[in-house]
Amino acid sequence: QVQLVESGGGLAQAGGSLRLSCAASGHSFSSYIMGWFRQAPGKEREFVAIIRWGAASTYYADSVKGRFTISRDNAKNTVYLQMNSLKPEDTAVYYCAAAVGSSYYTEIYEYNYWGQGTQVTVSS
């Protein structure tokens, strides 16, 4: 069992930056695939980024590629999402999630555990 708690959301101006954190409790954090998803008002939850066990094993949605960076610190049981060059369309509730497996999971149903979400609002 893994509990996930996101933090770091808030209000930013277009072109600005925010850094989200997701703290995990439980065992074997380093063995989980970690992902970030987001859900804007009136829209479905969508994939943002994934990181496997190593820092080089990452994958991003096209909409955030080159602007967002996912990373993890297994010693701190924490995964991060650095968001730069923010746009108003990045406004959403951001969720971190953990998956058991070894692939690049981008679908909601592939994840076993979810955080409660943190709001990110980008003003123009």
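The structure presented is a predicted model; accordingly, all values stated were derived computationally and were not measured. The chain is numbered in sequence order, starting from 1.
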Student: With rounding to the nearest 0.5 angstrom, report the CD1 to OH distance, Ile108 to Tyr95.
Tutor: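 Interatomic distance, Ile108 CD1 to Tyr95 OH, rounded to 0.5 Å: 10.0 Å.
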Student: Arg52 side chain to Ser102 main-chain N or O, any donor-acceptor pair under 3.5 Å?
Tutor: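 Judged by distance alone, yes, a pair lies under 3.5 Å.
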Student: What are the two closest non-hydrogen atoms of Phe37 and Thr106, and how far apart are they?
Tutor: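 Here Phe37 and Thr106 meet closest at CE2-O, 3.6 Å.
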Student: Which heavy-atom pair separates Tyr105 from Ile33 by the least distance, and what is that distance?
Tutor: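 Heavy atoms of Tyr105 and Ile33 come nearest at CE1-CG1, 4.1 Å.
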Student: Tell me every residue that passes side chain to side chain donor-acceptor pair (under 3.5 Å) with Lys65, counting only those two or more places apart in sequence or in another chain.
Tutor: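 Result, side chain to side chain donor-acceptor pair (under 3.5 Å) vs Lys65: Asp62.
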Student: Going from OG on Ser28 to CG on Asn77, what distance comes out if it is rounded to the nearest 0.5 angstrom?
Tutor: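 Here the interatomic distance stands at 9.5 Å.
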Student: If you round to the nearest 0.5 Å, how far is SG of Cys96 from CD of Glu6?
Tutor: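 These two atoms lie 4.0 Å from each other.
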Student: Can you establish whether the number of heavy atoms outside Tyr59 located under 6.0 Å from its atom OH is more than 12?
Tutor: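 No - once you tally the heavy atoms of other residues, nucleotides and ligands closer than 6.0 Å, there are 12 at most.
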Student: Take Phe47 and Glu110 through the side chain to side chain contact (heavy atoms under 4.5 Å, CB included) test and state the conclusion after the steps.
Tutor: CA-CA 11 Å; Phe47 166 78; Glu110 294 173 313; over 6 Å; no
Student: Let's go through Tyr32 and Asn112 carefully: what are the C-alpha distance in whole Å and the side-chain angles of both, what is the deciding distance for side chain to side chain contact (heavy atoms under 4.5 Å, CB included) to 0.1 Å, and is it a yes or a no?
Tutor: CA-CA 10 Å; Tyr32 288 94; Asn112 304 91; 5.6 Å; no
Student: Can you see which heavy atom on Gln116 is nearest to which on Leu4, and at what distance?
Tutor: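 Closest pair (atom of Gln116, atom of Leu4, distance): OE1-O, 3.6 Å.
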Student: Which atom names give the shortest non-hydrogen contact between Ile70 and Trp36, and what distance separates them?
Tutor: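 Of all heavy-atom pairs spanning Ile70 and Trp36, the closest is CD1-CD1, 3.5 Å.
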Student: Using every non-hydrogen atom in the two residues, find where Arg72 and Ile51 come nearest and quote the distance to one decimal.
Tutor: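 Heavy atoms of Arg72 and Ile51 come nearest at NH1-O, 3.6 Å.
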Student: Under 3.5 Å, which donor-acceptor pairs link side chains of residues 7-25 to any protein atom two or more places apart or in another chain?
Tutor:
from: Ser17; atom 1: OG; to: Asn84; atom 2: OD1; distance (Å): 2.9
from: Ser25; atom 1: OG; to: Gln3; atom 2: OE1; distance (Å): 3.0

Student: How long is the straight-line distance from CE of Met34 back to OH of Tyr113, given to the nearest 0.5 Å?
Tutor: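 Rounded to the nearest 0.5 Å, the OH-CE separation comes to 11.5 Å.
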Student: Can you hop from Val5 to Phe29 via hydrophobic side chains spaced under 4.5 Å?
Tutor: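 Val5 does not cluster with Phe29.
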Student: Check Tyr60 against Thr58 and note the closest heavy-atom contact, atom names and distance.
Tutor: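 Scanning both residues completely, I find the closest heavy atoms to be CE1-OG1, 3.7 Å.
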Student: Is there a path of hydrophobic side-chain contacts, each under 4.5 Å between heavy atoms of I/L/V/M/F/W/Y residues, joining Phe68 to Tyr80?
Tutor: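 Unlinked, Tyr80 and Phe68 end up in two clusters.
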Student: Nearest 0.5 Å, what's the CH2-CZ distance between Trp114 and Arg45?
Tutor: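 Reported value, rounded in 0.5 Å steps: 5.0 Å.
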Student: List in chain and number order the residues that pass ring pair (Phe, Tyr, Trp, His ring centres under 6.0 Å) with Tyr94, two or more places apart in sequence or in another chain; answer none if no residue qualifies.
Tutor: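 By the ring pair (Phe, Tyr, Trp, His ring centres under 6.0 Å) rule, Tyr94 matches no residue at all.
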Student: Tell me if a side-chain donor or acceptor on Thr91 pairs with a main-chain N or O of Val122 at a distance below 3.5 Å.
Tutor: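 Yes, the answer is positive, given that a donor and an acceptor are paired below the 3.5 Å cut-off.
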Student: For a side chain to side chain contact (heavy atoms under 4.5 Å, CB included) check, start with the C-alpha distance between Met83 and Val120, then their side-chain angles and the critical distance, and finish with the verdict.
Tutor: CA-CA 10 Å; Met83 305 185 296; Val120 170; 3.8 Å; yes
Student: How long is the straight-line distance from OG of Ser31 back to CG of Asn74, given to the nearest 0.5 Å?
Tutor: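 Asn74 CG to Ser31 OG: 9.0 Å, rounded to 0.5 Å.
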Student: With a 4.5 Å limit on heavy-atom distance, are the side chains of Arg38 and Val64 in contact?
Tutor: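 Side-chain contact under 4.5 Å: yes.
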